[in-house]
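Below is one structure; the comments refer to it alone.
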Amino acid sequence: MVRRPLLQYLSSFGKTAVGSSAFRLVSISSDRRSILKTKKLIEDVSSPWTLKAAVCLQRLPVISADRTPIEQRFAQMMQEIELERSLLSNHELQLLADAENLRRRQADDYDFNEDKDTMQDIILAMDLEDMWEQKLKMFQPASRVRDDIDKDVTTVERCLDDLLVLLVEQQVGDEKLWLLPQAQWQKGETLRQTAERALATLLAADFKATFLGNSPCGVYKYKLPKALQTESSIGVKIFFFKAILSAGGASAAADASIMWARRSELHHHLKPDYMRSVDRFAISL
């Protein structure tokens with residue numbers, strides 16, 4: 001049996017490894033080109049669905065809502081518990097000190113010369129309470145209910161204690177429908193960019209919104225009537241994004257093509273199928 005020298009064996013092994021490695025690099029490069037080519041072919045093929053992006057723009061409550069009966073009872077119970085466990089405040093301690101001083105002054109053996117220097121410019125706690133009560137009578141809080149503004153659905157200042165959702169009136173076929181602001185997707189942009197463009201193209205007001213994520217939170221699709229269907233267009237897919245109003249909207253009061261609707265009012269203006277899709281994600285924050 002003939003044995004090759006160890007050096008010759010290692011030399012041949014190295015050549016084999018290099019050759020195999022070079023072959024793998026060529027194979028990987030070929031696979032990558034194939035994947036990119038396939039991806040380009042997929043992008044070039046037009047989808048039979050028209051893609052759109054819509055925005056569920058919400059205005060959060062500005063003031064707290066009225067308490068329910070059970071919330072009122074719970075708040076009263078917690079206030080009683082807090083009062084029982086709390087310590088005396090500085091004002092309450094001053095009331096006790098004033099009462100003690102008054103008791104000493106009414107005593108028969110009280111010497112007025114002892115407190116002669118300290119009785120000047122003394123404001124009692126009861127005097128402070130009288131001053132505070134007068135200021136409270138002069139204070140007039142703003143009304144929580146404003147019938148003239150709350151009935152105006154075109155202003156963002158309505159229903160300050162409730163969450164509002166922006167709706168716009170759009171022409172769909174032969175009828176006008178109330179929908180969430182939407183725009184058709186254009187090649188080269190993401191769906192979120194399409195949703196941002198849907199708000200930017202509204203002429204009613206300069207809306208500044210904070211989008212909650214880059215992915216859609218819901219989808220709604222419908223097919224076109226058979227008379228309008230073609231091989232390249234059979235229906236529409238609408239991807240919804242959620243956003244919070246951070247500024248703007250005040251100049252939209254004179255525009256009748258927009259509406260700030262409460263959550264309980266949406267079903268009066270949206271189509272039932274559309275409303276079911278919106279209702280899945282349009283929850284109060």
Side-chain angles (χ1 to χ4, degrees), residues 36 38-60 154 156 163-225 228-252 255-261 263 266 269-285:
L36 293 175
T38 304
K39 183 178 180 181
K40 186 177 184 304
L41 290 175
I42 294 175
E43 292 177 350
D44 291 340
V45 175
S46 59
S47 172
W49 293 90
T50 300
L51 303 182
K52 294 185 178 182
V55 188
C56 180
L57 182 61
Q58 298 178 335
R59 191 223 64 189
L60 298 181
T154 62
V156 73
L163 183 141
L164 300 181
V165 179
L166 177 64
L167 301 179
V168 295
E169 191 177 31
Q170 297 187 5
Q171 187 75 30
V172 180
D174 298 334
E175 58 180 340
K176 288 186 176 181
L177 301 176
W178 287 104
L179 303 170
L180 299 179
Q182 64 182 24
Q184 186 168 340
W185 174 79
Q186 295 179 356
K187 189 175 181 180
E189 66 180 4
T190 63
L191 286 174
R192 170 168 170 169
Q193 291 173 342
T194 305
E196 292 174 347
R197 180 165 53 84
L199 282 183
T201 53
L202 288 178
L203 301 178
D206 183 18
F207 294 113
K208 295 181 181 179
T210 302
F211 278 76
L212 305 182
N214 297 321
S215 301
C217 59
V219 62
Y220 170 72
K221 68 177 182 178
Y222 63 91
K223 287 188 176 182
L224 298 174
L228 301 177
Q229 290 185 10
T230 61
E231 294 182 358
S232 59
S233 179
I234 63 174
V236 178
K237 288 184 179 180
I238 305 175
F239 296 90
F240 298 104
F241 289 80
K242 188 179 291 186
I244 302 299
L245 180 68
S246 55
S251 61
D255 195 336
S257 64
I258 75 166
M259 174 191 302
W260 288 99
R263 174 72 186 277
L266 291 179
H269 306 286
L270 301 180
K271 291 289 187 179
D273 293 340
Y274 191 87
M275 178 61 197
R276 280 193 291 270
S277 299
V278 173
D279 193 50
R280 294 174 181 173
F281 61 85
I283 59 177
S284 300
L285 298 178

CA sep, side-chain torsions, deciding dist, call: L166, L202, side-chain contact (heavy atoms from CB on, under 4.5 Å): CA-CA 11 Å; L166 177 64; L202 288 178; 4.1 Å; yes

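- When all heavy atoms are compared, the tightest approach of L57 to I244 is CD1-C, 3.9 Å.
- The shortest non-hydrogen separation linking A195 to F241 is CB-CD1, 3.9 Å.
- Contact of the W260 side chain with the T154 side chain is not registered, since no non-hydrogen atoms from C-beta on lie closer than 4.5 Å.
- When atom types are taken as modelled, the side chain of K242 and the backbone of C217 share no donor-acceptor pair closer than 3.5 angstrom.
- A53 approaches A198 most closely through the heavy-atom pair O-CB, 4.4 Å.
- A distance of 9.5 Å separates CD of Q58 from CG of L164, quoted to the nearest 0.5 Å.
- Q170 and P181 get closest at one heavy-atom pair: NE2-CA, 4.2 Å.
- Judged as a side-chain contact (heavy atoms from CB on, under 4.5 Å), and not counting sequence neighbours, the contacts of K271 are E175, L177, Y274.
- Expressed to the nearest 0.5 Å, how far OG1 of T50 lies from CD1 of I238 amounts to 10.0 Å.
- Checked against side-chain contact (heavy atoms from CB on, under 4.5 Å), E189 has the following partners two or more places apart in sequence or in another chain: W185, Q186, Q193, T194, R197.
- Note on D273 versus K221: no salt bridge recorded, every NZ/NE/NH1/NH2 to OD/OE distance being 4.0 Å or above.
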Steps toward side-chain contact (heavy atoms from CB on, under 4.5 Å) verdict (V165, L266): CA-CA 8 Å; V165 179; L266 291 179; 4.2 Å; yes

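- W178 and S257 make their closest contact through CZ3-O, 3.5 Å (heavy atoms, listed as atom of the first residue, atom of the second, distance).
- Summarising the geometry of V55 relative to L180, their closest heavy-atom pair is O-CB, 3.5 Å, with the distance given to 0.1 Å.
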Could you check L179 against L167 for side-chain contact (heavy atoms from CB on, under 4.5 Å), going step by step and ending with a plain yes or no? CA-CA 5 Å; L179 303 170; L167 301 179; over 6 Å; no

For K223 and W49: C-alpha separation, side-chain torsions, deciding distance, then whether side-chain contact (heavy atoms from CB on, under 4.5 Å) applies. CA-CA 9 Å; K223 287 188 176 182; W49 293 90; 3.9 Å; yes

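- The CG atom of L60 sits 6.0 Å away from atom CG of L163, with the distance rounded to the nearest 0.5 Å.
- A side-chain donor-acceptor contact under 3.5 Å links R59 to the backbone of V156.
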